[in-house]
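As a basis for the values below, the full set of heavy atoms in this structure was taken, side chains included, without hydrogen atoms, waters or symmetry mates. We name chains A, B, ... by the order of the sequence lines, and we start the count at 1 in each one.
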Amino acid sequence: MIGWIRLFLAELKKEHRNMFHSRLVYFSLLIWPVIGFITSYYSFKPFSLNDNSPITRFVPPDHLVLFLLTGYLAYLFFWSLVQSAWQMGYERQSGTLEMIFLTPVHRLALIYGRSFSSLLESVWLFFTFVIMILFIVEGIQVDGWWSFPFAFFILFISAVIWGGFLNAIFLFSRDAGFFYTILDEPMLIFSGVRIPPLAFPIWAKGLALFFPLTYTLHIIRMLVMEAATFIEILPSFTVLLVVLLVLINISAFVIKKAENHMKQTGSMVLF
Amino acid sequence: MLIVDGVSKVYQSKVREKLWKTTYKEVKAVEDLSFQIEPGKIIGLLGMNGAGKTTTIKMCTTLLEPNSGSITVDGYDAVKDDRKVKSLVNMIAGGERMLYWRLTGRENLNYFGNLYGIKEATLKQRIDLLLKEVGLEDAADTPVEQYSKGMKQRLQIARGLINDPKYLFLDEPTLGLDAPIAKHLRSYVKTLAKEKNKGVLLTSHYIDEVEELCDEVYILDKGRLILHDTPERLTASVFKENSLHIWVPALPNRTQKELEKLLRTYHAKMEIKQSIDLEEIEIIIKTEQEITSSVLALLSNHQLTVLKLVVEQPKLEDAILHLAERRIG
Ligand SMILES: Nc1ncnc2c1ncn2[C@@H]1O[C@H](COP(=O)(O)OP(=O)(O)O)[C@@H](O)[C@H]1O
Ligand SMILES: [Mg+2]
């Protein structure tokens, strides 16, 4: 356990110096979700003015800002991990990845350490968002003080696991650009960042199930918008746990497979 | 003791990739190779490009799995107990990659040290010591991107020693380094083996490097071991023939006769080449003995101007060809 913590810290320090070396990086992390948020808000606004617009069937007009904010907040977390995982490809090219595989470090500890540290890098963004939510936005309904830390906890844990999964994928794939594309706009659309999945046609609902962000976001919105009690979120929470467990197992499988592939072929490119 | 026993490695490499069908080609990179590395000894692995040196090193450091044969390190199997083996070995490759350029030298070492799970206090001490030993104390807190080539290479060495490995693999460590830096590196490698009792395997295509450092030499050709010997015996039997190239404006008959007489006493062979424009003549003398000064004395007695003089040490390529012929013949 101490080993894992030390590795997390080492990873944090290294990633901070290696990846987040310029303010520009932070800026680009923030800028897309903010632009996305603003454009969505203003494109929804005309529709949400009257009570019989389609969106109001799912999101009450006075909740729209909060709905979009929670959506973009969670998206921001997940998205920052896509970006940092994308950098993994460079490690393969620069040879540092091979040096890492030369060491006996626990492979899962490595990918979660990395995802954990990229997340910490964007934690200040999180607080910017939270403060906006708390002080500017109307419509917050929580069951009690615990709802906020619990929502944060759920978001953080699922994001770390999601990030670990991405790291595993990006480590060994040559065409990371393909995943990058899939994870960009489709994740935004199908996870229900802007439109609740309930409003989706059936095929899109199916797609939504493939993005872990869907489950996370659903619980977070229940917690801060619907004053859900712990008992009420329990079913969704269980589903999320199962999804995360599956994700951990897939990540472990991919890493194992990729390392084996490397040992057989000498090449780190798995697909 | 690190024991490599009958190890072979076959790569399947993609030849053609159509939309649905890929054809593979098999490359036998290493075939039935056996050798041992004892602590305190330096083993040289010589061979031309593509001989299988890097593949051998990667198998010994668990980055590759052999297709057959076994590698055991102090009793641990490199495939089954790879985590254990990883903590006993390390590898240093030439070149400037494999480091985080935005991090300082110290940060790089600290990161890799943590991957080995080395205790904080031990690690700190070891990093200070290593930085001192490779002469990077002053640059310890400078980002690697500002390092020179030689400095990056020295940091690589420190990285390769971060887990205090018992067996160290050096893959063409002096490739592309300036002569004085390469020399310094060699003497450091020597101390690692002789004073710190590490088993070292180094690959190279320079004979003199291997001759200077190694206790034993293995020569690989196309994945096969073609010779195992001490460097002294190797140079005595295979690398003994120097060639002397002398360019002169002309070679009068009388001089040539005298020269031939002199060379006969040394059992040396001579070849004479005329340049296309007929302006100079190249005399090539192959010999196992040191006769440069006698030949020059003779030429100056005959009032011949020497335009250029080159002494060529035997090449690995020649030796390998020679050995391969000897095996067949
Ligand atoms: N990852 C790989 N996939 C396919 N073939 C390879 C791979 N790595 C090396 N080879 C081939 O294996 C042979 C041995 O290569 P290598 O061990 O790198 O030789 P050396 O280090 O002695 O130059 C060469 O023919 C090379 O082309
Ligand atoms: Mg090589």
Side-chain angles (χ1 to χ4, degrees), chain A residues 1-22 24-25 87-88 90-114 117 174-175 256-271, chain B residues 9-14 24 27 29 54-55 57-59 61-67 78-79 81-93 95-104 107-108 110-120 123 143-145 156 159-160 162-163 165 169:
Chain A
M1 193 62 214
I2 290 173
W4 278 56
I5 293 170
R6 283 204 33 224
L7 182 73
F8 273 37
L9 290 179
E11 200 58 56
L12 183 64
K13 233 157 76 184
K14 189 214 79 193
E15 283 295 287
H16 178 70
R17 299 277 280 112
N18 202 38
M19 295 302 174
F20 295 86
H21 45 95
S22 75
L24 214 62
V25 178
Q87 311 263 15
M88 279 288 205
Y90 294 118
E91 286 222 27
R92 194 182 54 237
Q93 285 157 25
S94 72
T96 43
L97 187 58
E98 198 169 32
M99 292 301 109
I100 291 175
F101 276 86
L102 199 58
T103 73
V105 66
H106 198 293
R107 283 18 178 177
L108 276 182
L110 180 82
I111 58 163
Y112 290 123
R114 191 153 297 192
S117 42
R174 181 182 332 196
D175 295 317
K256 198 166 181 156
K257 186 124 178 75
E259 194 171 1
N260 263 333
H261 177 79
M262 176 192 86
K263 285 184 169 188
Q264 300 308 329
T265 64
S267 150
M268 294 208 168
V269 179
L270 188 57
F271 32 77
Chain B
K9 179 74 198 174
V10 180
Y11 288 112
Q12 307 244 332
S13 59
K14 280 181 191 165
Y24 289 90
V27 180
T54 301
T55 305
I57 286 192
K58 285 191 174 176
M59 287 191 289
T61 50
T62 76
L63 286 174
L64 281 174
E65 260 176 35
N67 293 77
V79 176
D81 314 312
D82 65 327
R83 300 277 291 278
K84 189 70 201 166
V85 169
K86 281 172 200 288
S87 63
L88 290 170
V89 301
N90 210 329
M91 165 180 108
I92 298 162
E96 304 174 74
R97 297 157 73 243
M98 303 179 174
L99 295 165
Y100 293 101
W101 283 32
R102 290 209 181 94
L103 268 60
T104 67
E107 285 166 341
N108 266 287
N110 194 52
Y111 177 65
F112 285 108
N114 274 310
L115 296 185
Y116 280 99
I118 302 162
K119 289 206 180 62
E120 199 72 47
L123 182 60
V144 170
E145 54 195 354
Q156 281 283 13
R159 200 224 75 243
I162 196 73
N163 61 330
F169 294 84

Set of residues satisfying salt bridge (Lys or Arg N to Asp or Glu O under 4.0 Å) with respect to B/Glu145, sequence neighbours excluded | none

Let me know if B/Lys9 has heavy atoms under 4.5 Å from chain A in its side chain, its backbone, both or neither.
-> side chain

Heavy-atom distance under 4.5 Å to chain A: side chain of B/Leu63, backbone, both or neither?
-> both

Picking from A/Glu259, A/Lys13, A/Met262, which has the most non-hydrogen pairs under 4.5 angstrom with chain B?
-> A/Met262

What part of B/Tyr11 is in contact with chain A, defined as an atom under 4.5 angstrom from a non-hydrogen atom: side chain, backbone, both or neither?
-> side chain

Determine, step by step, whether B/Ile162 and B/Leu115 satisfy the side-chain contact (heavy atoms from CB on, under 4.5 Å) criterion, reporting the C-alpha distance in whole Å, the side-chain angles of both residues, the deciding distance to 0.1 Å, and the verdict.
-> CA-CA 10 Å; B/Ile162 196 73; B/Leu115 296 185; over 6 Å; no

Which heavy atom in B/Thr61 sits nearest to a heavy atom in B/Met91, and how many Å separate them?
-> CG2-CB, 3.9 Å

Walk me through it: do A/Arg6 and B/Leu123 pass the test side-chain contact (heavy atoms from CB on, under 4.5 Å)?
-> CA-CA 12 Å; A/Arg6 283 204 33 224; B/Leu123 182 60; 4.3 Å; yes

Part of B/Asp82 lying under 4.5 Å from any heavy atom of chain A = side chain

Measure A/Ile100 against the heavy atoms of chain B and call it side chain, backbone, both or neither at under 4.5 Å.
-> both

Mind checking what makes salt bridge (Lys or Arg N to Asp or Glu O under 4.0 Å) contact with B/Lys58, not counting sequence neighbours?
-> A/Glu98

Determine, stepwise, if the pair A/Arg114 / A/Lys14 fulfils side-chain contact (heavy atoms from CB on, under 4.5 Å).
-> CA-CA 9 Å; A/Arg114 191 153 297 192; A/Lys14 189 214 79 193; 2.7 Å; yes

With chain A, the option among B/Val89, B/Ile118, B/Asn108 that has the most non-hydrogen atom pairs under 4.5 Å is B/Ile118

